[in-house]
Amino acid sequence: MARPEKPLPEGSDPHIDAARWLRGLRDRAGLTNRQLAQQLGMSESTISRAMAGRGSNALVRLLFVMTFMCGGSIEESQNLMGRLSRRRRAHLQQPIEGILGCDPDLITTPAELIRGMRVLRIHAGQPSLAELKRRSPNRTLAPTTINEILLGQRLPSALVLARFVIACGVVTPESDRWARAWQRVMFSQQQSGWKSKAPFSRMIRFQLVEMEANVGSAFSAPFQEAHEEINGHLAGSSDHD
């Protein structure tokens with residue numbers, strides 16, 4: 001028999017408020033922590049910790065996926081994610097300008113993602129666009145594409161970001177945080193009605209799968225997961241991107 005869930009403490013705290021909101025979504029959907037863990041591919045202990053207001057990364061992920069899974073308010077979910085991010089910045093006692101690129105957990109907007117990529121390139125020794133292409137898996141990072149992204153003219157796909165962070169020397173588990181950063185940014189863009197054609201989304205998905213042969217599933221899986229969660233059912237006529 002499952003151990004009874006402890007009540008959350010009173011007061012306003014970003015972690016506790018997020019956990020309280022998630023519990024409400026879970027209970028209204030008639031799900032248990034075990035069922036959530038099975039559906040999301042997470043451990044039951046991780047789910048339980050998040051429902052107790054512990055584990056910032058798990059809380060953010062649940063805020064994202066359970067909003068869609070359980071019909072939660074998008075505005076409330078974004079508000080809670082923003083409060084968690086601000087709490088983390090205050091805990092670090094550092095301005096965001098000093099840690100973007102080093103801490104992808106703080107990236108929530110398109111401008112922050114692009115700035116973070118610029119800083120990451122600086123940390124990698126400011127390689128040229130041609131050198132970034134040479135360092136990417138099978139030389140697949142197109143200089144024109146990455147130049148447009150770094151100039152702020154477009155946003156990267158999950159695939160392009162995965163190639164870019166590899167070219168900048170990022171490895172797991174740091175790469176997982178970049179996948180989550182991309183997911184948060186695309187989540188905000190998705191709410192603006194940004195859509196892409198399904199064939200393009202499926203192509204990115206297949207290329208991410210192919211990347212496993214070069215860099216391993218530990219690196220590519222978080223980017224695949226982020227891409228699929230944003231795009232939803234890739235077999236449909238169109239996807240959110």
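In this structure, the side chain to side chain contact (heavy atoms under 4.5 Å, CB included) partners of V170, at least two apart in sequence or on a different chain, are L120, V165, E174, S175, W178. Applying the salt bridge (Lys or Arg N to Asp or Glu O under 4.0 Å) rule to R61 yields the partners E225, E229; only residues at least two apart in sequence or on another chain are considered. Partners of R135 according to the side chain to side chain donor-acceptor pair (under 3.5 Å) rule, which considers only residues two or more places apart in sequence or in another chain, are E131. Residues satisfying the salt bridge (Lys or Arg N to Asp or Glu O under 4.0 Å) test with R49, not counting sequence neighbours, are none. Under the salt bridge (Lys or Arg N to Asp or Glu O under 4.0 Å) criterion, R26 pairs with E5, not counting sequence neighbours. Annotation: side chain to side chain contact (heavy atoms under 4.5 Å, CB included) contacts of R34 (sequence neighbours excluded): T32, Q38, E44. Partners of S45 under the side chain to side chain donor-acceptor pair (under 3.5 Å) rule, at least two apart in sequence or in another chain, are S43. In this structure D176 satisfies the salt bridge (Lys or Arg N to Asp or Glu O under 4.0 Å) test with no other residue, sequence neighbours excluded. Judged as a side chain to side chain contact (heavy atoms under 4.5 Å, CB included), and not counting sequence neighbours, the contacts of Q153 are E148, L151. With sequence neighbours left out, the ring pair (Phe, Tyr, Trp, His ring centres under 6.0 Å) criterion links F223 to F219. Considering only residues two or more places apart in sequence or on other chains, Q126 meets the side chain to side chain contact (heavy atoms under 4.5 Å, CB included) condition with R121, I122. Contacts of T67 classified as side chain to side chain donor-acceptor pair (under 3.5 Å), with partners at least two apart in sequence or in another chain: S77.
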Query raised in the report: Would F164 and I149 count as a side-chain contact (heavy atoms from CB on, under 4.5 Å) if you check the C-alpha gap in whole Å, the side-chain angles of each, and the deciding distance to 0.1 Å?
Result: CA-CA 11 Å; F164 178 80; I149 291 168; over 6 Å; no
Query - side-chain contact (heavy atoms from CB on, under 4.5 Å) between R154 and T145, worked out - result: CA-CA 9 Å; R154 58 187 290 190; T145 298; 3.8 Å; yes
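Within the 4.5 Å cutoff, side-chain heavy atoms of M51 are placed close to those of N33. Side-chain contact between L62 and M42 is present, with at least one heavy-atom pair separated by less than 4.5 Å. Side-chain atoms of P14 and L80, non-hydrogen and from C-beta on, never get closer than 4.5 Å to each other. Looking only at side-chain heavy atoms (C-beta outward), R54 and L59 stay at 4.5 Å or farther from each other. Using a 4.5 Å heavy-atom threshold, the side chains of L8 and D17 count as separate. For the pair I146 and M117, the minimum side-chain heavy-atom distance is below 4.5 Å. At least one side-chain heavy atom of S157 sits under 4.5 Å from a side-chain heavy atom of V160. At least one side-chain heavy atom of I166 sits less than 4.5 Å from a side-chain heavy atom of M211.
For S217 (side chain) and A221 (main-chain N/O), no donor-acceptor pair under 3.5 Å exists by modelled atom type. Checking side-chain atoms of D13 against main-chain N and O of H15 turns up a donor-acceptor pair under 3.5 Å. Remark: side-chain polar atoms of W182 are paired, donor with acceptor, to backbone N or O of P156 under 3.5 angstrom.
Atom CG in L208 sits 8.0 Å away from atom CZ in R163 (nearest 0.5 Å). In this structure, CG on L113 lies 8.0 Å from OG1 on T109, to the nearest 0.5 angstrom. L155 CG to L161 CG: the interatomic distance, rounded to the nearest 0.5 Å, is 10.5 Å. Taking CG from L150 and CG from L129, the interatomic distance works out to 7.0 Å, rounded to the nearest 0.5 Å. To the nearest 0.5 Å, atoms CG (L25) and CD (E76) are separated by 9.5 Å. The line from CZ of R23 to CZ of R28 is 14.0 Å long, rounded to the nearest 0.5 Å.
A chain of hydrophobic side-chain contacts below 4.5 Å, direct or via other Ile, Leu, Val, Met, Phe, Trp or Tyr residues, connects V65 to V60. Residues I47 and I16 fall into different hydrophobic clusters, defined by Ile, Leu, Val, Met, Phe, Trp and Tyr side chains chained together at heavy-atom separations under 4.5 Å.
When all heavy atoms of P104 and A181 are compared, the closest pair comes out as O-CB, 3.5 Å. Across A167 and S136, no two heavy atoms sit closer than the pair CB-N, 4.2 Å. A19 and A52 get closest at one heavy-atom pair: CB-C, 4.2 Å. The minimum heavy-atom distance between E112 and L106, with the atom names listed, is OE1-O, 3.3 Å. Pairing each heavy atom of M69 with each of L40, the nearest pair is CE-CD2, 3.3 Å.
Remark: R180 does not engage D105 in a salt bridge, criterion side-chain N to carboxylate O under 4.0 Å.
Inspection of the R184 and T108 side chains reveals no N or O donor paired with an N or O acceptor under 3.5 Å.
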